[in-house]
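Note sheet for the following structure.
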Amino acid sequence: MALDARSTIGVVGAGAMGTGIAQVALARGHRVVLADAHPDVALRADGALSAALAREVERRRMEPADADRAYRRLTVVRGTEDLAPFAGCDLVIEAIVEELAVKRALFARLERTVRDDCVLATNTSSLAVAAVAGACARPERVLGVHFFNPAPVMPLVEIVPALGTDPAVAEATRTLVDGWGKITVRAADTPGFIVNRVARPFYGESLRLLDEGVADAPTIDWALREVAGFRMGPFELMDFIGLDVNFAVTRSVWEQTFHDARYRPSLTQQRLVEAGRLGRKTGRGFYEHAEGATQPEPRRDEALADAIVLRVLAMLVNEAADAVHWGLCSAADVELAMTKGVNYPKGLLAWGDEIGPAVLVYELERLRDVYQEDRYRVSPRLRDVARTGGRLAP
C-alpha cells in the first residue's frame, strides 16, 4: 500500500474540518483535491486556504514561495455531482454531514470513480466505520481517520480500522498521517472511538452533580478547572462546543451501546437544547453570553471541590480502564488520546495511579450502593489493579 509525500489527497466536504484537513495535506507537500456539494462553500474554502497560507507566511512558518507552491497544488471543485476530479487520488478523506445514508451514498460513488488501490477514509466522529464501509464492494480499503477541530492545530488523529479493513491499509494510512506531524492512536470501531467515549463522564457526571443539587454549574466548573487542572470546566466547555453538539454525541454513544447506563443523556441538557439555549452561539446556555453579562460566582469550598473532583475522576478513570480492558485501545493510546485530543492535564490512567485505584473502587462502589445503578459498575481492570496493587498506566 503506497501512500507517501507524492500521494494526491482528496477531501470531500469543504466545511471547517475538511478545509483544515486540506490545509494539513497542502503544508506537507501533497496535491489536494477539495470538493463540496455546495459551490458557495467550496468557494469560501478556497479563500480560507489562501488566507491560511498567507498567515503562515506572516508568522514566518512558511516562505512565500512555499506558500505559493502549496496553493498551486490545490484544486477546488464546486459541486460533487461529478467525482471525476478524484480519479487520480491515492487517499480520499470524507468530511461531510454526519448522516449515515449520505456517507454511504458518497462512498459507493467514490468507489466507482477512484483507482482500485485508492484508500477511502471517513472522518466520522459518531458513526460506525463498518456501516460506512458496508456501502463498498471492497470494504478492505475503507477506514476511519478522525481529526479533531481545528485540524491544522489539534495534534491527535484517531485511526479506526473497520471490521473488514486490510491491516496494510490501516498501517500505511497511519504512517502517512504520522508524517504530517500528527500524533496517531489506533481505536476500535466502537461508539465514540476513544476520545468521545472516554470523555463522556466529564460531562455526564457533572450534569448528575448539578441535577442532584450537590453544586451549581459555576462551582463544578471552578472545582474541575482550578482544583483538578482542566483547561475548562464541563459547563463552560459544553457552552463553547454547543449544547446541541455535545448532547448529540452523548445520545449517539448511548444509543449505539444499547442504552448503557454509563452514557445516559441528561434531561436537563435536552431541555436546554429544546429551548434553543445552545451556549455561546445562541448567547445563552448554562451561562449568559450577552455582552456585559455578569457570571455567577462559584462556592469556593475546598471540601466540596475535592468531592466533586473525586467523583468525576473516578468515572473518567474507570472509563479509560474499561476501554483498555475491552480492547478498544491500548493503555498508551488512551493516555495520548485524552491529553492530545482534549487537552486533559494528565493521562487518566496515570491520574488514577496517583489517586490510588483502591480509592477509586471505593468511590464507585459507594455511588453504586447509593443509586443502585449499573452506571457505577467498576471496570474489571480497575478492580484487578486495586486488588493486586499494580498500576493502571503503561
Side-chain angles (χ1 to χ4, degrees), residues 1-80 82-96 110 113-115 117-123 143 145-159 169 171-184 340-341 343:
M1 180 57 57
L3 287 176
D4 55 33
R6 297 167 296 178
S7 297
T8 298
I9 309 300
V11 181
V12 186
M17 181 61 79
T19 301
I21 295 169
Q23 182 182 336
V24 171
L26 286 170
R28 292 291 167 167
H30 294 277
R31 293 185 300 279
V32 174
V33 179
L34 174 65
D36 197 278
H38 303 284
D40 56 330
V41 174
L43 183 62
R44 284 199 300 271
D46 192 332
L49 285 167
S50 176
L53 291 168
R55 285 195 299 274
E56 292 297 289
V57 172
E58 289 173 7
R59 294 167 182 168
R60 299 185 178 180
R61 292 197 288 239
M62 288 185 85
E63 292 296 324
D66 292 333
D68 182 62
R69 280 192 289 268
Y71 184 70
R72 285 191 279 112
R73 290 194 300 271
L74 172 67
T75 300
V76 176
V77 182
R78 302 181 194 179
T80 55
D82 182 4
L83 296 175
F86 293 95
C89 289
D90 301 285
L91 166 67
V92 179
I93 302 173
E94 165 272 314
I96 64 172
L110 278 170
T113 304
V114 299
R115 300 191 313 267
D117 62 347
C118 177
V119 175
L120 301 177
T122 174
N123 185 60
L143 80 165
V145 180
H146 179 220
F147 288 78
F148 290 78
N149 201 24
V153 175
M154 296 300 288
L156 188 76
V157 178
E158 293 177 318
I159 303 296
V169 168
E171 188 56 36
T173 306
R174 185 172 190 174
T175 299
L176 178 73
V177 177
D178 283 337
W180 291 353
K182 296 300 182 181
I183 296 170
T184 58
K340 302 300 182 181
N343 293 314

Which pair of non-hydrogen atoms, one from [X] and one from [Y], has the smallest distance, and what is that distance?
| X | Y | value |
| --- | --- | --- |
| Leu91 | Ala121 | CD1-CB, 4.1 Å |
| Leu83 | Leu110 | CD1-N, 3.8 Å |
| Ala52 | Gln23 | CB-OE1, 3.5 Å |
| Leu156 | Gly341 | CD2-CA, 3.6 Å |
| Ala48 | Thr19 | CB-CG2, 4.3 Å |
| Val92 | Cys118 | CG2-SG, 3.9 Å |

Open item on the list: With side-chain contact (heavy atoms from CB on, under 4.5 Å) as the test, pick out the partner of Ile21 among Asn123, Leu26, Ile9, Leu34.
Closed with: Asn123
Taking salt bridge (Lys or Arg N to Asp or Glu O under 4.0 Å) as the definition, give me every residue that meets it alongside [X], ordered by chain and number, with sequence neighbours left out.
| X | answer |
| --- | --- |
| Asp82 | none |
| Arg69 | Asp66 |
| Arg115 | Asp90, Asp117 |

Name each donor-acceptor pair under 3.5 Å that joins a side chain in residues 35-47 to protein atoms two or more places apart or in another chain, with its distance.
| residue | atom | partner | partner atom | Å |
| --- | --- | --- | --- | --- |
| Asp36 | OD1 | His38 | N | 2.9 |
| Asp36 | OD2 | Ala14 | N | 2.7 |
| Asp46 | OD1 | Tyr71 | OH | 2.5 |

Task: By side-chain contact (heavy atoms from CB on, under 4.5 Å) - contacts of Asn343 (at least two apart) - done: Met154, Arg231
- [ ] Kindly write out the residues that satisfy side-chain contact (heavy atoms from CB on, under 4.5 Å) with Arg28, not counting sequence neighbours, or none if the list is empty.
- [x] His30, Trp180
How far does [atom1] of [X] sit from [atom2] of [Y], to the nearest 0.5 angstrom?
| X | Y | atom1 | atom2 | value |
| --- | --- | --- | --- | --- |
| Glu56 | Glu58 | CD | CD | 10.0 Å |
| Phe86 | Leu120 | CZ | CG | 11.0 Å |
| Phe147 | Thr184 | CZ | OG1 | 10.5 Å |

TODO: Give a yes or no answer on whether the side chain of Arg174 reaches the backbone of Ile159 with a donor-acceptor pair at less than 3.5 Å.
DONE: no
Task: Donor-acceptor pair, side chain of Lys340 and main chain of Lys182, under 3.5 angstrom - done: no
Task: Derivation and outcome, side-chain contact (heavy atoms from CB on, under 4.5 Å), residues Cys89 and Val33 - done: CA-CA 8 Å; Cys89 289; Val33 179; 4.2 Å; yes
- [ ] Return yes when atom CZ of Arg73 has more than 12 non-hydrogen atoms of other residues, nucleotides or ligands closer than 6.0 Å, and no otherwise.
- [x] yes
